[in-house]
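Let me begin by presenting the structure, written as structure tokens, before commenting on it.
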Amino acid sequence: MKTNHFKKAICTLMVCAACVSLPAQTLHPRLIVRADDMGSFQSSNLACMEGYKNGIQTSIEVMAVAPWFPEAAKLLKENPGIDVGLHLTITSEWDNIKWRPLTHCPSLTDSNGYFLPMMFPNPNYPGLSIKESKWSLAEIEQEFRAQIELALKNIPHISHLSGHMLSNAFDPEVQKLTERLAAEYNLPINLTDTGYGTKVEYVRYDGPSQTSAEKEESFIRMLQKLEAGKGYLFVDHPALDDSEMKAVHHIGYEQVAADRQGVTNLFTSDKVKQAIRDKGIQLISYNELTKALPRSTPEAEKVNPKGITNYLKAVKESGQDLHSVMVLRHGKVVAEHWLGDNAANKNHILNSVSKTFTATAIGFAVAENRIKVTDKVISFFPDDLPAEISPNLAEMEIRHLLTMSCGHDTDPTSDIRKEDLSWERKFLATPVVHKPGTKFVYNSVGTYMLSAIIQKVTGQKVLDYLYPRLFRPLGITGAEWQSSPTNINAGGWGLYIKTEDMAKMGQFLLQKGKWNGKQLLPESWFDEATQSHIAQPPVWFPANGKVKESDWTQGYGYQVWRCRNNAFRADGANGQFIIVIPEKDAVIVTTANIGDMQAEINLIWKHLLPALR
């Protein structure tokens with residue numbers, strides 16, 4: 001996935017050099033730049049992607065009913081870093097091209113079955129507006145649901161809803177309906193309630209905007225008036241001045257191609273980018289604004305800021321290659337820091353932290369009565385079983401995969417990953433030397449088998465299965481997960497998300513499955529998953545090692561490690577950690593490239609833990 005270097009630079013500017021808390025962030029205006037109507041034309045698809053990759057766009061709205069939606073969905077799914085909104089549509093305004101509803105809704109269509117062209121009465125189209133028709137709220141609901149379901153099926157990382165031509169807000173009853181659907185699907189539709197406690201103001205061109213040059217000048221004039229600490233939203237419709245768009249118009253809006261090329265020019269303008277830098281404007285997405293973790297100061301949450309400073313100093317003095325750190329107290333971010341070319345909006349490899357997400361998917365499947373942790377592993381793979389099934393293999397259960405005690409004598413992951421065909425078949429052919437549940441052997445491909453089980457029982461990859469249950473409620477978007485040769489998410493490794501997404505997961509674990517007042521996953525799962533089920537030192541622990549001083553000898557739960565200080569953690573190679581400290585109501589997250597992970601945790605215990613007063 002390509003990185004937008006301009007937006008990355010802006011984000012780095014906002015979070016550079018020091019721990020960032022709310023007062024530091026609110027020194028800058030925060031702006032969403034939204035491109036509407038992707039899917040309506042190929043020209044719009046190409047322009048929207050250009051504005052994202054090489055411009056200032058931070059959100060793209062896609063229309064599920066429009067003719068170029070399949071291409072739009074493909075492009076958006078190939079670029080999961082894009083913040084995508086579904087543009088709910090019940091009108092079709094252009095004269096030469098029309099779109100129809102996905103469902104039977106005659107109160108919203110003309111005599112040919114196309115959506116009516118206008119939302120509000122228009123003298124150029126008499127009697128052809130939604131407001132003039134006897135529209136049905138039930139038909140609008142069924143149509144909106146169909147559009148949401150189709151969009152999520154094709155673009156799982158959609159983060160919010162919006163309305164084409166005010167389709168979501170032309171009537172109070174419709175507004176209530178869309179707010180209800182937004183809550184049901186965990187897809188915000190307004191920006192009044194955000195993680196930062198800020199309200200968003202819509203902004204427009206400050207002056208004439210007929211030509212490309214006028215757009216640029218008026219947009220920059222608008223930028224100069226944005227106030228520090230406030231959130232803003234700018235919306236326009238990029239496209240290309242090509243033969244496709246030259247054929248697009250309706251009465252009263254004829255120069256569509258030239259006008260929308262001007263928007264594309266604006267969104268990619270070097271002059272505009274410089275004005276944003278000069279003003280110190282932070283370009284953000286819908287998701288960052290609506291589902292960001294709340295921020296606070298260390299002092300307000302009874303965290304000693306000196307401990308944070310000392311920790312960062314110790315990291316530097318020790319030569320540890322720390323990439324990011326985020327500290328949460330009482331559910332609020334009190335410190336966040338990125339080093340090198342890492343940034344808040346940049347995904348990071350999680351390595352084995354991926355395992356905790358896979359185990360959580362198992363938890364959801366258990367809660368939905370799709371599986372039980374006592375189910376036999378062989379029952380899910382009848383076509384991949386060896387000719388002779390040993391008694392130990394027959395006894396292997398899901399819980400043994402979860403606790404790394406499936407019975408293998410050594411970890412077969414390295415050999416199995418070399419296979420170009422079924423990893424499941426190779427895993428099941430590996431000798432199960434020990435009785436399951438009796439021997440701890442760290443086994444990443446065992447977690448892969450959990451991922452394969454999820455795909456077997458749900459028909460979905462773990463990533464897609466988690467989106468509606470975990471990722472969308474928490475506001476985790478843009479996730480990427482590597483897959484096996486048979487197109488199953490790796491499960492035990494290969495997940496890429498942002499530092500704040502890791503922190504959200506940590507807070508979810510700390511709150512035992514509760515999020516924004518809703519119990520997404522039963523508390524009982526977390527009581528079971530985070531306790532020690534098997535307490536044997538891993539094979540890499542030295543024979544003369546000090547057990548009480550190691551964070552790898554405190555026991556293992558369901559794809560989480562127990563830690564010293566009565567904590568537990570998701571743990572990934574080279575220093576990726578989500579450390580949950582229930583007694584301090586705190587979460588500490590790191591990304592890194594640090595080989596000595598015990599030394600990394602030691603600095604956390606030495607400096608950050610005492611800072612949690």
Side-chain angles (χ1 to χ4, degrees), residues 7-8 10-15 19-34 58-59 80-85 157-161 182-183 186-201 228-233 281-298 300-301 324-338 342-348 467 470-479 497-508 510-511 514-518 520 578 586-589 591:
K7 286 196 283 290
K8 178 179 170 185
I10 289 291
C11 182
T12 303
L13 174 66
M14 296 301 104
V15 297
C19 291
V20 181
S21 60
L22 179 62
Q25 291 206 5
T26 54
L27 291 176
H28 306 275
R30 311 176 82 226
L31 176 64
I32 298 169
V33 179
R34 194 179 97 184
T58 58
S59 182
I82 302 175
D83 188 49
V84 184
H157 66 280
I158 283 175
S159 72
H160 61 278
L161 303 174
N186 288 297
L187 296 169
I189 198 163
N190 62 61
L191 298 178
T192 58
D193 183 16
T194 74
Y196 284 85
T198 57
K199 291 186 177 180
V200 174
E201 178 183 336
K230 292 187 176 181
Y232 300 91
L233 170 65
I281 294 168
Q282 185 180 7
L283 294 177
I284 59 170
S285 68
Y286 260 73
N287 190 64
E288 288 173 290
L289 197 65
T290 61
K291 292 189 176 179
L293 289 166
R295 264 62 176 177
S296 185
T297 62
E301 307 308 323
S324 69
V325 61
M326 184 173 282
V327 180
L328 276 65
R329 188 79 187 283
H330 307 320
K332 299 176 182 179
V333 179
V334 297
E336 52 192 308
H337 189 81
W338 283 264
N342 300 282
N345 66 340
K346 185 176 180 181
N347 276 357
H348 197 283
Y467 254 110
L470 180 70
F471 286 6
R472 276 200 293 277
L474 272 60
I476 297 175
T477 63
I497 58 175
K498 296 176 280 294
T499 302
E500 183 162 343
D501 298 334
M502 296 170 67
K504 290 174 180 177
M505 182 60 168
Q507 191 65 28
F508 178 74
L510 177 62
Q511 294 171 178
K514 183 175 286 188
W515 197 262
N516 288 336
K518 295 181 180 179
L520 304 183
I578 302 173
V587 174
I588 298 171
V589 168
T591 62

How long is the straight-line distance from [atom2] of [Y] back to [atom1] of [X], given to the nearest 0.5 Å?
X: Asp501; Y: Leu293; atom1: CG; atom2: CG; value: 9.0 Å
X: Gln282; Y: Ile32; atom1: CD; atom2: CD1; value: 11.0 Å
X: Leu187; Y: Tyr286; atom1: CG; atom2: OH; value: 12.5 Å
X: Thr290; Y: Ile189; atom1: OG1; atom2: CD1; value: 12.0 Å
X: Met502; Y: Leu328; atom1: CE; atom2: CG; value: 12.0 Å
X: Asn287; Y: Ile158; atom1: CG; atom2: CD1; value: 12.5 Å

>> A side-chain contact here means heavy atoms from C-beta on lying under 4.5 Å apart; do Asn342 and His348 qualify?
In response: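 Touching, per the 4.5 Å side-chain cut-off.
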> Going by heavy atoms in the side chains, are Met505 and Phe471 under 4.5 Å from each other?
Replying inline: no
> Are the side chain of Thr58 and the backbone N or O of Ile284 linked by a donor-acceptor pair below 3.5 Å?
Replying inline: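 A pair under 3.5 Å: yes.
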> For Tyr232, what residues pass the ring-ring contact (aromatic ring centres under 6.0 Å, His included) criterion, not counting sequence neighbours?
Replying inline: none
Closest approach of [X] to [Y] (non-hydrogen atoms, all atoms of both residues):
X: Ser59; Y: His160; value: OG-CE1, 3.3 Å
X: Ile578; Y: Gly506; value: CG2-CA, 3.4 Å
X: Lys518; Y: Ala183; value: NZ-O, 3.8 Å
X: Thr477; Y: Ser159; value: CG2-CB, 3.8 Å
X: Trp515; Y: Lys504; value: CZ3-O, 3.6 Å
X: Ala479; Y: Ile497; value: CB-CG2, 3.6 Å

> Can a salt bridge be assigned to the pair Lys498 and Glu336 using a cut-off of 4.0 Å between side-chain N and carboxylate O?
Replying inline: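 Looking at Lys498 and Glu336, the cut-off is not met.
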>> Checking Leu474 against Leu520 for the side-chain contact (heavy atoms from CB on, under 4.5 Å) test, could you report, in this order, the C-alpha distance in whole Å, the side-chain angles of both residues, the deciding distance, and whether it holds?
In response: CA-CA 10 Å; Leu474 272 60; Leu520 304 183; 4.0 Å; yes
>> Using the rule given for side-chain contact (heavy atoms from CB on, under 4.5 Å), can you reason through Asp83 versus Glu288, listing the C-alpha separation, both sets of side-chain angles and the distance that settles it, and then say yes or no?
In response: CA-CA 9 Å; Asp83 188 49; Glu288 288 173 290; over 6 Å; no
> Where does the angle between the aromatic ring planes of Tyr467 and His157 fall among parallel (under 30°), tilted (30 to 60°) and perpendicular (over 60°)?
Replying inline: tilted
> Ser296 and side chain to side chain contact (heavy atoms under 4.5 Å, CB included): which partner among Arg329, His330, Lys332?
Replying inline: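 Output: one option passes, namely Lys332.
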